[in-house]
Protein chains: 2
Amino acid sequence: MTRPLRADALENRRRILAAAREAFIDLGPGASLDEVARRAGTGIATLYRRFPDRQELMRAVVMDALETAAAEMRSAVEEEPEPFAALRRYVHRAIDARVAAVIPALLDAIPEDDAELTAASGEGGRLLEQLITTAQEAGTLRPDATVADVGALVVRLSRPLPGAVPRDLDIALAHRHADLLLDGLSTAAELTTPLGGPALTFPQLRTAAGGGQRPRS
Amino acid sequence: MTRPLRADALENRRRILAAAREAFIDLGPGASLDEVARRAGTGIATLYRRFPDRQELMRAVVMDALETAAAEMRSAVEEEPEPFAALRRYVHRAIDARVAAVIPALLDAIPEDDAELTAASGEGGRLLEQLITTAQEAGTLRPDATVADVGALVVRLSRPLPGAVPRDLDIALAHRHADLLLDGLSTAAELTTPLGGPALTFPQLRTAAGGGQRPRS
DNA sequence: GTCAAGTGGAGGAGATTACTCCGAAATACC
DNA sequence: GGTATTTCGGAGTAATCTCCTCCACTTGAC
């Protein structure tokens, strides 16, 4: 009986979802819903009309993130025949989509018996597992790394650094550090690729940090 | 004219400082001071008597962390002649001391003209820079990594993972990931050392996560 | 044993937060 | 273009949380 949403309502829904993802990343799962509405550029009533309560909103954010992550993994595998290269591509895409930072933070604020969510979560895990196993069988990924390791590392890379680091710099650094992580810090790794992103010193980082807004939580 | 603190007062001060560090790490710089006192197992009045306001407390936490970090770097250099090994040792010690996670988060909530703090911060940066330069000159650390990279990576490793991950597991994983980071993910690195810490799958991680308390921010 | 230093926790002022209500505006359909 | 209806925005309220002070009691130092 549910009619399709009106065009403006749909657009607003999308914006609220995106704003919620960012707010939860920056401010934690306790981010105020007024703040989410403010970031979305919409009234608070609009948010509540679309998502009756906080849990419903979180659920939608997580579902969206899980689906995006799965899609990114699939296309990475399709586009890159070499499995380690596919993994590398996925990691960078996941950072841009700001997907990994939000999933674990919200996931345990949601009832475990949610079938749809469990399915999406399992699917994502399976895809990543497959990606990793393949790369290990090809001999390009170290065999003692597990799915959880890779997942957790992507989370670590995706989360904004503490302090007032501007968003753009933060993401650029995340990419740079992803390269570093993937290549290895030690020169024992022979095929190191040149690092992308800005090469900063501490003072430069602090100076650059002055421009960003400060996360509250 | 300030007399030395009474023995019990000194112990309480120490406990408050430690509790504040943990609370700021778990809950962010906005952590409630009542919560800090609760974690320290002391009354709220005791906290306020020792640290007149939030800023003073933050300042003390940061100073403590900066000093600890500097001491760890010095002893790491002393104990390990090979510079890359010294770096590795320092990284692990920093994770245990939970030092890196708290510094950047609080540092920009404190006035920049604090001489003592600026000095300590500069000293720490210089020590790390030296450690890194030495390792690069020895040819064991990749030359395109900067101080900021290493600093930021240690921060990324030190922060607790989002979600209800128990503290012990969280720290064990941090060590494991530090090894991974230092060795490099790719098998192109020939001298990979075996990973310490638990090797978990996703489901194991989620299950284990059920036991911990949930960070609020 | 004395006394200054230290302690805990109740409590009030102020700020935040979640959520609702309703007049105004925008959209879809004809 | 006209109109019925969906959607919007923001003021308003009650409940909660946070900071911080005050003061009667306890504890360590000499």
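Naming: A, B, ... by sequence-line order, numbering from 1 per chain. Computed over heavy atoms, backbone and side chain alike; hydrogens, waters and symmetry mates excluded.
Heavy atoms only, all atoms of each residue included: A:His177 and B:Asp149 are closest at NE2-OD1, 3.1 Å.
The phosphate of D:dC19 (OP1 or OP2) has a side-chain N or O of B:Ser32 nearer than 4.0 angstrom. Phosphate contact (OP1/OP2 of D:dC20, side-chain N/O of B:Arg49, threshold under 4.0 Å): absent. Within the 4.0 Å cut-off from OP1 or OP2 of D:dT7, not a single side-chain nitrogen or oxygen of A:Arg13 is found. When the side-chain nitrogen and oxygen atoms of B:Thr42 are compared with OP1 and OP2 of C:dG8, one or more of them lie within a distance under 4.0 Å.
The closest side-chain heavy-atom distance from A:Leu131 to A:Leu127 is not below 4.5 Å. Using a 4.5 Å heavy-atom threshold, the side chains of B:Ser75 and B:Arg89 count as separate. At a threshold of 4.5 Å between non-hydrogen side-chain atoms, the residues B:Leu17 and B:Leu57 count as touching.
When each of B:Tyr48 and A:Asn12 is assigned the nucleotide of DNA chain D bearing its nearest heavy atom, the one mapping closer to the 5' terminus is A:Asn12. Along DNA chain D, the nucleotide closest to B:Asp34 and the one closest to A:Thr46 are compared, and the more 5′ of them pairs with A:Thr46. Nearest-nucleotide positions on DNA chain C for A:Leu33 and A:Ala45 put A:Leu33 closer to the 5' end.
Here the C1' atom of nucleotide C:dG8 and the CZ atom of B:Arg38 are 16 Å apart, to the nearest Å. Going from atom CD of A:Glu35 over to atom P of C:dT16 covers 12 Å, rounded to whole Å. Look at CD on A:Glu11: it is 16 Å from P on C:dA26, rounded to the nearest Å. Taking atom CG of B:Leu10 as the reference point, atom P of C:dA5 lies 16 Å away to the nearest angstrom. One atom, CZ of B:Arg39, and another, C1' of C:dG8, lie 20 Å apart when rounded to the nearest Å. Between the CG atom of A:Leu57 and the P atom of C:dA18 there is a distance of 11 Å, given to the nearest Å. The nearest whole Å value for the distance from the CZ atom in A:Arg15 to the P atom in D:dT7 is 16 Å. Atom pair A:Arg54:CZ and D:dA15:P shows a separation of 20 Å (rounding to whole Å applied).
For the salt bridge (charged side-chain N to carboxylate O under 4.0 Å, His left out) with B:Asp64, the qualifying choice from B:Arg14, B:Arg98, B:Arg21 is B:Arg21, the only one to do so. Between A:Asp26 and the options A:Arg167, A:Arg39, A:Arg159, a side-chain hydrogen bond (donor to acceptor under 3.5 Å, both in side chains) holds for only A:Arg39.
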Got a list of protein N/O to nucleotides 2-4 of chain D N/O distances below 3.5 Å?
none

Every protein N/O lying under 3.5 Å from an N/O of nucleotides 28-30 of chain C:
{"unit_1": "C:dA28", "atom_1": "OP1", "unit_2": "A:Ala7", "atom_2": "N", "d": "3.2"}

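Under a 3.5 Å cut-off, the side chain of B:Asp34 and the backbone N or O of B:Ile44 do not form any donor-acceptor pair.
In this structure, CD in B:Glu22 is found 11.5 Å from CD in B:Glu35, a value given to the nearest 0.5 Å.
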Stepwise side chain to side chain contact (heavy atoms under 4.5 Å, CB included) check, B:Thr42 with B:Leu47: CA-CA 8 Å; B:Thr42 149; B:Leu47 187 155; 5.7 Å; no
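With salt bridges taken as basic N to acidic carboxylate O contacts below 4.0 Å, none links B:Glu129 and B:Arg126.
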